[in-house]
Structures are given as structure tokens and as C-alpha cells.
Amino acid sequence: MPYAYFNELKKWRENLFIDKADKIERYLKINSRENIKLKDISNELEISEQSLNTIFKKKYGTTIKRYLTQLKIENAKELLTTTELKIHDISEYLSFVDESYFISTFNKACGVTPSKYRQNYIEKLLNKKSV
């Protein structure tokens, strides 16, 4: 009997972690344009700052900061390919510290600068139309 009880308790605790991880992810997706700090997430979701990354990494295999950066890069890609916003404006819109940090972060994640990414996208579109 005690083994079954502790096994169920363990499952319950694991599900609790997963539920919290999903809440963190949802918060990040909704607020990805903002300059989010762990304190903000902690206050909003009533989870201790110390627990946030542990909970999140257990389910998603990455830190909150890395995940948020990935979200911002995906948003940047979409903005680069669907708008004519300047790089500086995209950087501000996504709450990067400054334009140069945005460019270096994007380059690190994608292997090209935001300008080159946009240029490559336009060239692909033009090549498809000419075929």
C-alpha cells in the first residue's frame, strides 16, 4: 500500500510541474514582445523565481531565457518577411536592448543578419515568380 501511495504522489507532483511549465510557456508566448524578467513571471504565476527555470527546463529542455529568445527570433523572421519595418523598429518592437544586440542575436540564431535574411527571402520570392 505505501508504495502505491508514494507512486501516485510522485505522478501528481510531476503533473504539477508540467502544468506550471505550460503556464510559463503560455505567459512567454503571450508576452514575448516584452522585456520579460523572471520576477515578472514569478509574480504573475505565483511561482518562486528559484523554481521557474527548473520547472520549465524539466519539460522543455531549455531555459526560459533561451526559449524567449527563440520566440523573439521567430517573431522577427515573420516581421522581416511580412512587413517593411526597419531593422531598428523590429528590434524595438521585440524589446531587444538595442539594434546591434538584436542583429548579433539574430545572426547567432540564424547564421545571417536580419537584413540578409530579408534579402534572401525576397530573392526566393522573385526566383519563384520568374520560373
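This structure is a prediction, so every number in the text was calculated from the model and none was measured.
- For the side chain to side chain donor-acceptor pair (under 3.5 Å) condition, the pairs that include at least one residue of residues 113-124, sequence neighbours left out, are Gln119-Glu123.
- The shortest distance between side-chain heavy atoms of Phe106 and Leu80 falls below 4.5 Å.
- Between the CD1 atom in Ile47 and the CD1 atom in Ile41 there is a gap of 9.0 Å [rounded to 0.5 Å].
- Glu49 is linked by a side-chain contact (heavy atoms from CB on, under 4.5 Å) to Leu38, Lys39, Ser42, counting only residues two or more places apart in sequence or in another chain.
- Judged by distance alone, the side chain of Lys72 and the main-chain N or O of Glu34 form a donor-acceptor pair under 3.5 Å.
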Report all side-chain donor-acceptor pairs from residues 61-69 shorter than 3.5 Å, counting only partners two or more places apart or in another chain.
from  : atom 1 : to    : atom 2 : distance (Å)
Thr63 : OG1    : Arg66 : N      : 3.2
Tyr67 : OH     : Glu25 : OE2    : 2.6
Thr69 : OG1    : Lys65 : O      : 3.0

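- Contacts classified as salt bridge (Lys or Arg N to Asp or Glu O under 4.0 Å) and involving residues 77-88 (residues at least two apart or in different chains) are given here: Glu74-Lys77.
- Under the 4.5 Å side-chain heavy-atom criterion for grouping Ile, Leu, Val, Met, Phe, Trp and Tyr, Leu71 is connected to Leu45 within one hydrophobic cluster.
- Partners of Glu92 by salt bridge (Lys or Arg N to Asp or Glu O under 4.0 Å), not counting sequence neighbours: none found.
- No continuous path of hydrophobic side-chain contacts links Tyr101 to Ile36 [ILVMFWY only; heavy atoms under 4.5 Å].
- Leu85 and Phe96 fall within a single hydrophobic cluster, where Ile, Leu, Val, Met, Phe, Trp and Tyr are joined by side-chain heavy atoms under 4.5 Å apart, directly or via other members.
- Scanning for side-chain contact (heavy atoms from CB on, under 4.5 Å) contacts around Glu99 gives Ile87, His88, Ser91, Ile103, with sequence neighbours left out.
- Residue Leu125 is not grouped with residue Val112 when hydrophobic side chains (ILVMFWY) are merged at heavy-atom distances under 4.5 angstrom, including chains of intermediate members.
- Pairing each heavy atom of Phe102 with each of Pro114, the nearest pair is CE2-CG, 3.6 Å.
- Note: Glu44 CD to Asp40 CG = 9.0 Å, rounded to the nearest 0.5 Å.
- When the side chain to side chain donor-acceptor pair (under 3.5 Å) test is applied to Ser100, the partners found at least two apart in sequence or on another chain are Asp98.
- Partners of Asn75 according to the side chain to side chain donor-acceptor pair (under 3.5 Å) rule, which considers only residues two or more places apart in sequence or in another chain, are Ser32.
- For residues 19-51, no pair satisfies ring-ring contact (aromatic ring centres under 6.0 Å, His included), with sequence neighbours left out.
- Looking at Asn31, its side chain never comes within 3.5 Å of a backbone N or O of Leu28 through a donor-acceptor pair.
- Looking at residues two or more places apart in sequence or on another chain, you find a side-chain contact (heavy atoms from CB on, under 4.5 Å) between Ser48 and Gln50, Ser51.
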